[in-house]
Amino acid sequence: MNAEPERKFGVVVVGIGRAGSLRMRDLRNQHASSALLNLIGFVSRRKLKCLNEVQQISLEDALSSQEVEVAYICSESTSHEDYIRQFLNAGKHVLVEYPMTLSWAAAQDLWELAEQKGKVLHEEHVELLMEEFVFLKKEVVGKELLKGSLLFTAGPLEEERFGFPAFSGISRLTWLVSLFGELSLVSATLEERKEDQYMKMTVCLETENKRPLTWIEEKGPGLKRNRHLSFHFKSGSLENMPNVGVNKNIFLKDQNMFVQKLLGKFPETELAAEKKRILHCLWLAEEIQKYCC
């Protein structure tokens with residue numbers, strides 16, 4: 001007699017930019033976690049009908065369909081909160097690209113809603129699955145920080161779609177919190193020249209041991225996407241990132257974590273620590289925005 005097939009969760013992908021396209025690719029390929037997920041369709045404001053043999057469906061159909069049990073929210077950041085709320089209220093599990101929301105209070109509210117509905121709400125953080133971060137984590141363990149800085153440069157980004165720089169750049173803040181623990185805000189400034197599409201946000205933070213950390217986001221035409229870091233410890237210094245290899249399958253690794261949550265196999269202690277970190281970073285991002293505005 002054939003064994004019973006494993007339970008499959010029906011998935012819809014909302015938004016098919018870079019992240020959404022990678023999510024659809026992983027869902028269609030033969031991976032252990034993908035075998036438990038069934039890609040039903042995608043939702044997009046563009047009228048595409050079909051993409052790589054995957055059917056476009058309306059948001060209304062995705063929300064009402066009993067076949068759809070999971071939503072991957074891969075749209076622009078400003079739309080995340082509304083989509084999460086709609087899918088949770090419709091009784092669906094949600095995976096959302098960071099940042100979950102552009103407000104600490106909204107994130108708290110959505111987590112409470114997920115708990116009320118008995119659904120998984122998962123905010124991805126692929127930056128913690130990158131080879132560079134894995135290397136950094138090993139380098140930092142057991143060392144006493146004296147001071148540090150992290151500068152991120154990139155081309156212009158539309159605040160109307162991706163939120164204030166402290167939110168659109170929250171992956172850098174997540175790195176610092178994950179490496180050095182919860183942080184407090186000392187000061188924050190924003191230099192902006194909208195006519196030149198240029199902005200520079202400078203944030204001064206402190207560790208629980210009162211060690212200074214500076215985080216800078218600088219974006220404008222001609223600026224290459226790059227991270228420059230400098231960490232000084234009692235035992236030595238780490239200046240800039242060595243070449244530690246190619247980041248492989250980081251979205252798939254994140255999906256694997258999500259599936260473990262769907263199956264109830266993700267450790268409760270890790271769930272609690274993850275939620276605490278995410279809310280702390282969102283709170284810091286909101287405080288930085290208040291300082292700058």
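No more than 12 heavy atoms of other residues, nucleotides or ligands shown are found within 6.0 angstrom of NZ on Lys276. Surrounding CD of Glu67 are at most 12 heavy atoms belonging to other residues, nucleotides or ligands under 6.0 Å away. Atom NZ of Lys143 sits in a crowded spot, with more than 12 heavy atoms from other residues, nucleotides or ligands closer than 6.0 Å. Within a 6.0 Å radius of CH2 in Trp104, other residues, nucleotides and ligands contribute 12 heavy atoms or fewer. The number of heavy-atom neighbours closer than 6.0 Å to CD of Glu239, taken from other residues, nucleotides and ligands shown, is above 12. The 12-atom threshold is exceeded at CD of Glu195, counting heavy atoms of other residues, nucleotides or ligands nearer than 6.0 Å. Open room surrounds CZ on Arg18; 12 or fewer heavy atoms of other groups in view lie less than 6.0 Å from it.
For Lys219 against Ser168, the heavy-atom pair with the smallest separation is NZ-OG, 3.8 Å. Closest non-hydrogen pair, Glu159 versus Pro165, comes out as OE1-CD, 4.0 Å. The shortest non-hydrogen separation linking Leu128 to Phe133 is O-CD2, 3.5 Å. Here the shortest heavy-atom pairing between Cys292 and Phe164 reads CB-CZ, 3.6 Å. Residues Gln56 and Ser44 come closest through the heavy atom pair NE2-O, 3.0 Å. Pairing each heavy atom of Val186 with each of Leu205, the nearest pair is CG2-C, 4.1 Å.
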Using the side chain to side chain donor-acceptor pair (under 3.5 Å) rule, take His122 and Asp254 through it: C-alpha gap first, then chi angles, then the decisive distance, then the call. CA-CA 10 Å; His122 170 81; Asp254 178 72; 2.9 Å; yes
Step-by-step side chain to side chain contact (heavy atoms under 4.5 Å, CB included) determination, Trp215 to Ile288: CA-CA 11 Å; Trp215 168 35; Ile288 291 165; 3.7 Å; yes
Determine, step by step, whether Arg85 and Asp109 satisfy the side chain to side chain contact (heavy atoms under 4.5 Å, CB included) criterion, reporting the C-alpha distance in whole Å, the side-chain angles of both residues, the deciding distance to 0.1 Å, and the verdict. CA-CA 9 Å; Arg85 197 175 300 280; Asp109 186 45; 2.8 Å; yes
For Glu132 and Asn247: C-alpha separation, side-chain torsions, deciding distance, then whether side chain to side chain contact (heavy atoms under 4.5 Å, CB included) applies. CA-CA 8 Å; Glu132 293 96 324; Asn247 293 308; 3.1 Å; yes
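Rounded to the nearest 0.5 angstrom, Leu146 CG and Ser237 OG are separated by 8.0 Å. Separation of atoms CG (Leu173) and CD (Glu127) is listed at 10.0 Å; rounding is to 0.5 Å.
Taking 4.5 Å as the limit, some side-chain heavy atom of Leu63 sits within range of a side-chain heavy atom of Phe87. Using a 4.5 Å cut-off on side-chain heavy atoms (C-beta onward), Glu287 and Lys290 make contact. Side chains of Ile216 and Lys200 form a contact here, defined as non-hydrogen atoms less than 4.5 Å apart. Taking the side chain as every heavy atom from C-beta outward, Lys119 and Val94 never approach each other to under 4.5 Å. Under the 4.5 Å side-chain criterion, counting only non-hydrogen atoms from C-beta, Lys92 is not in contact with Val12. Within the 4.5 Å cutoff, the side chain of Ser75 has heavy atoms near those of the Tyr83 side chain.
With hydrogens and angles left out, the side-chain atoms of Glu97 and Tyr72 include no donor and acceptor closer than 3.5 Å.
Linking Ile, Leu, Val, Met, Phe, Trp and Tyr whenever their side-chain heavy atoms come within less than 4.5 Å leaves Phe231 and Val134 in two separate clusters. If you chain together hydrophobic residues whose side chains sit under 4.5 Å apart, Leu110 and Leu282 fall into the same group. In this structure, Tyr98 is a member of the same hydrophobic cluster as Trp111, with clusters built from ILVMFWY side-chain heavy atoms closer than 4.5 Å. Under the 4.5 Å side-chain heavy-atom criterion for grouping Ile, Leu, Val, Met, Phe, Trp and Tyr, Met257 is connected to Leu271 within one hydrophobic cluster. Cluster membership check: Ile278 shares its hydrophobic cluster with Val96, using side-chain heavy-atom separations under 4.5 Å among Ile, Leu, Val, Met, Phe, Trp and Tyr.
Between Phe233 and Phe180, the two ring planes are tilted [angle within 30° to 60°]. In this pair, His93 and Phe9 present their aromatic rings perpendicular. The plane angle is above 60°, beyond the 30 to 60° band. Between Trp283 and His280, the two ring planes are parallel [angle under 30°; tilted spans 30° to 60°].
A salt bridge is defined here as a Lys NZ or Arg NE, NH1 or NH2 lying under 4.0 Å from an Asp or Glu carboxylate O, and Arg277 with Glu274 fails to meet this definition.
For Ser34 (side chain) and Asp26 (main-chain N/O), a donor-acceptor pair under 3.5 Å exists by modelled atom type.
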